Trainee: 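One structure, pasted below without further comment.
Given the structure is predicted, the values throughout are model-derived calculations rather than measurements. Proteins come first, then strands; the chains are lettered A, B, ... in the order of their sequence lines, and each starts at number 1.
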Amino acid sequence: MSAISILNPKAEFARAQQALAINVSAAKGISEIMKSNLGPKGTMKMLVSGAGDIKITKDGNVLLHEMQIQHPTASLIAKASTAHDDVVGDGTTSIVLLIGETMKSAEPIISEGCHPRVVTDGLVVAKDEAQKVLESMKIPVSLDRTFLIDVSRTALRTKVHQVLADHLAAICTDAVLNIYDKESKSIDLHMIEIMDMQHRNELDSCLVRGLVMDHGGRHPDMPTSLSNCYILTCNVSLEFEKTEVNAGFFYSSSEKREALLASEREFIDQRVQKIIDLKKQVCPPGSDKNFVVINQKGIDPLSLDALAKEGIMGLRRAKRRNMERLSLACGGMAMNSVDDLTPDCLGYAANVYEHVLGENKFTYVEDCKNPKSVTILLKGPTKYGMVQMKDAIRDGLRALSNSIQDGFVVPGAGAFELSVHKALEKLPMDSRSVLGVKLFSKAILCIPKILVSNAGHDTQALINRALYSKDGEGVVGLDLENGDLFNPVSAGIYDIYAAKRQLIDASIVVVTNLLLTDEIMRAGLSSLK
Amino acid sequence: MGTPGEIITFQVGNYANFVGAHFFNLQDPNINPDYETDFSHQVFWREGRNLQKQKVLTPRVLMFDLKANWGNAFIRSSKDLSEPSVVTAASSYSHPAKLNKVDQAEKNISWEGKVQKVVLRNDSSESEDDTEPLPGTVKSVNAVKKKVKLGPYDFCSWGEYAKWRLHNADEAAFRIPNFMYNAGSDELVSYGQGLDVYNKLHENVEDGIRHYAEECDHLEGFHMLVDEYDGFTGIAGGIMEYLGDEYDKKACLGLGLNYPFPDNENWSKKRTLKEYKIRVSNTAQLWSSFTRHSRVFTSFGVTDDIFSINPCSQKFANVVQDCTSPYISSAILAATLDSLSSPYRLHSPTFPLHEMTSVLNAFGHKMTIIGSAFPFPVGQQTLFSALDKDGFSSLSTLTPNASIDLQKSFGNIFVMRGISQDRVMSKSETREYKHADIKSVTACLELYCQESYTRSVHVIKDISSSFKLRYPFPKLYDDTYLDTHSTAKRFTNPQGPSWFLPTLATAHNTPTTGKVLERIIGIIGGGSEGSAMKLKTFYELSAATCNTSLVDFEDFADCITELCALKDSYSSE
Ligand SMILES: Nc1ncnc2c1ncn2[C@@H]1O[C@H](COP(=O)(O)OP(=O)(O)OP(=O)(O)O)[C@@H](O)[C@H]1O
Ligand SMILES: [Mg+2]
C-alpha cells in the first residue's frame, strides 16, 4: 500500500512499474497520433469541433492546441513541445515523436531492473554529444534572396502542397527582406500584416508593398482610386458627438442648448476645413497630386461630404495598429490634432484604390517609396484553406526570422539526426552511460525513419544505406521524392538551428522527468497550485 | 437631432446571452418591420445583403460565452443563409429526450481514450424554431407542428430560442475554449482569468467593434451586458478599458447581470465561502471598471440579495413561472431593457442614450437603479385612477439589494408604454378633478410625480406601442391575468396568442445606491474602517485561480478605493 493512502484514503495512485507504464503509454499514444504528420510527405488531420467546424492541418503546434488532451502526461509533453513556439515555432512534431520513441525504448531496460538514474545519466552524455554535432553542422546564413527562399520553402513545403509552398516562400522572403532593419539587425514580424480575402485562388496571394485595409470610403461621391497620393494619418474625431455636457438636463432653455449644439458642429467643421486647407496647399489646382485622409476616429456624413467635394478620399475608424504601420509604410506621422498640420506630416503612396468584394470593401495603399511595413495578402476560395495557409505563412516567416537572427541553419531532410546517430555510435563511453547513449542513438533514428515511411519508401533499406554504405559518408539527407540519398545543402533543404537545439534539449528534459517518476498520485486537489 | 444613433451591444457571459437572446427576439425587425412599429431597427440592427442581394438584418452585437455553451448556435452567419439546409436547432447533447427524434449519425472518434461525439444532423425537417423563416431559408414542407415549448426548463441554452442570426459569426461570436484560461477546469471563475482571455483575444475583439463602428454614421454608444459574478467580468473589464480609450465620447450603459442562482446541483457546489468571496470580488472589480469607463451602470437581476452566500431569486407577484430558471428570469430582464431603451429606439428619438445617461449620472452618481412594472396593471381602469389608487406600488426593483425610494431620489426616468390617450382620464374624472389640461400619459404622470415626489426631477417618456408578449417569450402569467391587463390579444402566431401589454420601466438616480456600494465595500473590507487583512483574503482567493497574475494587489485595492469614492458621491448631498 502506498504511503499516500494513509494520509488521504481517497487518493488514487500508481507506483513504480505502473507509473512508468502510464507515462510510456501516454508518450507513445501522443506520438502515434502525430507520427503520420511529419515532414513534407506527411498526411493531414481533420479536426471537427463540437460545433461542426472543420480544420485541416498537419502542423504539430496547431494540432496539440486543438486536441482536447486529457491525459496528464500527454498534456505535459504537449506543453513542453509547444512551450517555445512563440520564439521558435517549429519542430513540435519532431519533439513529440522523439519523446515517444525514447520512452518506448527505455521501458524494457527499466523493466529489466535497471535503475532509471543510469539511463538518464547516459542521456545527458548523449545530449552533449548531439549538441556538438549540431555545432559542427551549422551553416552560416547570408542575406541572399535565393538562399532565404530555400529556407522558407523547406518550412512551407512541410505544411502546404509544393506549388503553393514555392509561391508563398517567395512572398515570405520578400516580406522579411523588406522589413529587415539593417542597422539594428532586427526583424519585427509584427510589421508584416497578414490579411485574408476569400476570393479567387491560393496562387493569387501576393505581397503588397504597403497596406491593405479592410474598409473603404463611406460616401458615394468619394473617389475610389487615386494615384500620386499624399496620405494624412490622424486620430482626430471628425464627427459631431453629443457629449454629456450638452444633454438636456442641465440646460434651462432650449435655445441655449441649440446654441451649444451649433457651436459644437462649427468646431468639427473647422477641423475638416483645416484638412482641406492643407490639401489645397500641397495639391494646387492643375497638379497631379491627390490627397487621402485615414482617420482612427469617426468621420460623420457631413464631414465626409465636405471631403468628397474636394476630391479627398477619407477612411474612418482605421485599425489602431495600422496607424503606426501606415507611417512606417508611407512616411509622415500620425497626427493627434489638426491644429499644426504641415506638409511634413504627410506620407506618400503611388496608388490608393478601393476593391469591392461582395459586401466588403478593401483599400489598398500601395507602392510606397521605402516601406518598412508590408502586407501579405492571402487569397483562396475556402475558409479552412486560408486558415491552413495562414498557419503555414506563420511558420515560413518564423523560419526566416529565426535563421537570420540565429545566424545559422542546419542541413535538413534528416541529415542532422543521421549524423547524431553516427556520432553516438562512435562515441567512446564508460559502462554507466552506455545504456542511455545507445538508447538515444537508436531513438533519434525515428525521425528519418518516419520521414521515409511517410513518403512511402522502403524504410529499412534506405536508412541502412545512409548509415552503413559508402553513399552515406559526409552530410547526407533523404531524398523523399525518389527514395534516394542526396546532399540536402545542394538540394536547398535547411532546418532551423534553434528548432534542432530545442529538439535535443526539450526531449531529454521531458524524458528524464518522466523516467524518474516513481509514483503518480491524484489526491483530489482540483489544481496543484 | 432627428436621426437615431446606432448602438453596439456586448453580451459577455452565459447569462448575458440569455438576456440578449430575448432582447433581440423582441425587437426582431424580421417580425416587426419598421412600418408597423414606432421603432427604428437602425439603432440595434445592421443592414446587410446576402449573396443573393437580399436585405438581411442582424443585430449589432458581440457575444462571448464558453465554447461548451454554444451548442450549434450561430455556426453559420447570415451571409450563408442562402444555403438550403440551415442548421438552426442547438446541440442536443444535454437533451436526451430529443436524441431519438433527431435523424442523426453518430461517430465516435477516440482521442486519447476520450470519446468525442460528433453529432451530424440532417436537420432540414427538424429546424424546430423557425416558424417565420428568415429571408432565403427554405421552409421545409413536412415541418411537423410541435408542442409549444414555453416552460422554464424547456430551453437550457440560449441558442435554442434565439431566433436571430449574426452577420459574421467568425467575427462577432467568441467561443472561449477552456485551454485559454485554465485547462482542467470547465469554468471561467475569476476576473483575472477573464482579463487573461481578453488579452489573448483583444485584437479580434477590437476588430469586431471597429467593423461595426466603421459602418455607423452616428454611433451613439454601447450596451454592455455582463455576468457580474464570474470571470466574464474580466473580459468586460478589458473591453471597457479599450472603449474608454478609443470611444471615450460615446455613451456606454453598463449592465451587470446576476444569474438567478437556481437551487440545483450545479449551483449548490458554488455556495461555499471560497466561491462566494471570488464572486463578490468579481462584482467589485466589474463595478469599478464600470465606474471608470461607463457613463452609467447598474446591477441587474431577479436575485434577492447578491451579497449572501446563498442568494435566491426574488418572487414576483402574479408570475406563474419559476424565476430561478435562466430562461424565465432573463425574459423579465430583457422585457425591462426593451421598454427602457424604447425612447432611444424611436424613428426620431426624443431621448437618446447619452441624454438618458446624463440624467442618471448627474452629480457623478454613476450607479443607477432600474425598476419595472411588467405589465403596468391598469386593468380596466384609467391611468389616472390607477395611479390615484395604487401609485407606483406595482413597481419592483430589478437591481438586487436596492430599493426604489422615490421620496429621496434625485432624478427619475419613467418610460410608460402602451397606454393610449383615451385611457388616461375618463370624462367624469376630468370634470371631478378639474384637470382639463391632462390629455396625455406624460401630463398625467408628470402631475402625479410632481405632487407626490416634490424633491426629484422627473423625466417622463410615453411610448404608444405596447409590449408584445409572444413566442418564444415565455408566458409569465396565466391567461386570466394576461387577459385582464392586456390591451389587445391576437392570434397571429401558430404557437399561441400574442398579448399587448402596457409596461413601465424606470431608472433612478438615488441615494439608496450608496447603501448597495457600502455593503459591498464593507464585505470586502475596503474603505476607511476596512481591514487590509480581509481585503487580502479576497484578493488572494481570486488571484489563486489564475495562471498568470494580471491583477496585482494594488490594482485590486484601487478598485475598492474607486468604489468608495463613488459611494462618497452619494453621501455628500
Ligand atoms: N524536402 C524535404 N525532404 C526531406 N525531409 C524534409 C524536407 N523538408 C523538411 N524535411 C524534414 O521534415 C522535418 C520537419 O517536419 P515538420 O515540419 O512536419 O515537423 P516539425 O517541424 O517537427 O513540427 P511542426 O509541425 O511544428 O512544423 C524535419 O526533420 C526536416 O528535416
Ligand atoms: Mg516544421
Side-chain angles (χ1 to χ4, degrees), chain A residues 25-26 29-30 33 46-53 65-72 74-75 78-79 213-216 218 235 237 239-250 258 261 296-302 304 315-321 358-361 383 526-529, chain B residues 1 5 48-51 67-68 70-73 75 79 87 91 93 109 111-114 116-120 170 175 177-179 182-185 203 206-207 210-211 213-220 246 249-251 295 351-352 354-359 361-362 411 457 459 544-545 547:
Chain A
S25 73
I30 190 166
I33 295 181
M46 178 155 150
L47 294 167
V48 185
S49 77
D53 289 336
H65 270 99
E66 301 280 329
M67 279 193 295
Q68 295 265 0
I69 298 174
Q70 305 242 309
H71 195 292
S75 126
K79 278 200 189 110
M213 282 171 288
D214 54 4
H215 51 124
R218 285 273 168 198
N235 184 10
S237 171
E239 70 184 324
F240 176 37
E241 287 171 304
K242 297 150 261 173
T243 43
E244 49 187 324
V245 204
N246 51 41
F249 199 48
F250 295 89
E258 292 301 315
L261 291 179
Q296 191 182 338
K297 289 265 159 58
I299 310 180
D300 67 11
L302 282 175
L304 283 173
L315 270 71
R316 67 190 180 196
R317 302 243 174 248
K319 202 187 269 199
R320 188 156 36 166
R321 192 153 46 110
E359 233 193 347
N360 304 320
K361 275 186 183 171
K383 214 156 54 186
S526 55
S527 89
L528 284 174
K529 221 182 147 165
Chain B
M1 276 266 81
R49 314 238 153 230
N50 65 7
L51 294 177
K67 209 166 179 175
W70 286 83
N72 280 346
I75 61 169
K79 284 198 269 184
V87 181
S91 144
Y93 289 38
I109 296 176
W111 264 331
E112 282 302 284
K114 190 189 163 214
Q116 280 239 336
K117 249 187 207 162
V118 181
V119 185
L120 303 169
D170 289 334
R175 304 180 176 85
N178 65 358
F179 71 81
N182 184 10
S185 146
E203 268 181 23
E206 286 167 19
D207 260 358
R210 200 173 57 78
H211 282 151
E214 200 267 329
E215 288 167 348
C216 298
D217 277 340
H218 306 280
L219 182 65
E220 173 81 31
E246 197 83 337
K249 298 270 178 55
K250 309 295 180 191
R295 284 284 171 82
F351 195 49
H354 72 273
E355 285 195 26
M356 179 185 285
T357 53
S358 72
V359 172
N361 71 9
V457 177
V459 179
T545 58
N547 298 333

Trainee: Answer with side chain, backbone, both or neither: which region of Glu206(B) has an atom nearer than 4.5 Å to a non-hydrogen atom of chain A?
Mentor: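 Only the side chain of Glu206(B) comes within 4.5 Å of chain A.
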
Trainee: With sequence neighbours left out, write down each residue that passes side-chain hydrogen bond (donor to acceptor under 3.5 Å, both in side chains) with Ser237(A), or none if nothing qualifies.
Mentor: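 Only Glu241(A) meet the side-chain hydrogen bond (donor to acceptor under 3.5 Å, both in side chains) criterion with Ser237(A).
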
Trainee: Can you list the residues that meet the side-chain hydrogen bond (donor to acceptor under 3.5 Å, both in side chains) rule with Lys297(A), with sequence neighbours excluded?
Mentor: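 Once residues adjacent in sequence are excluded, the partners of Lys297(A) under the side-chain hydrogen bond (donor to acceptor under 3.5 Å, both in side chains) criterion are Asn235(A).
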
Trainee: If you look at every heavy atom in Gly216(A) and Glu214(B), which pair is closest and at what distance?
Mentor: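 Distance-wise, the nearest heavy atoms are O-OE2, 3.5 Å.
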
Trainee: Need one label for Glu203(B): side chain, backbone, both or neither, based on atoms under 4.5 Å from any heavy atom in chain A.
Mentor: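 Just its side chain gets close to chain A.
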
Trainee: Heavy-atom pairs under 4.5 Å with chain B: which of Arg321(A), Lys319(A), Glu239(A), Arg320(A) has the most?
Mentor: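 The residue among Arg321(A), Lys319(A), Glu239(A), Arg320(A) with the greatest pair count is Lys319(A).
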
Trainee: Does any backbone or side-chain atom of Arg316(A) lie under 4.5 Å from a heavy atom of chain B? Answer side chain, backbone, both or neither.
Mentor: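 Backbone plus side chain of Arg316(A), per the 4.5 Å heavy-atom cut-off to chain B.
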
Trainee: Between CE of Met213(A) and CG of Leu315(A), what distance do you get to the nearest 0.5 Å?
Mentor: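 It comes to 5.5 Å.
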
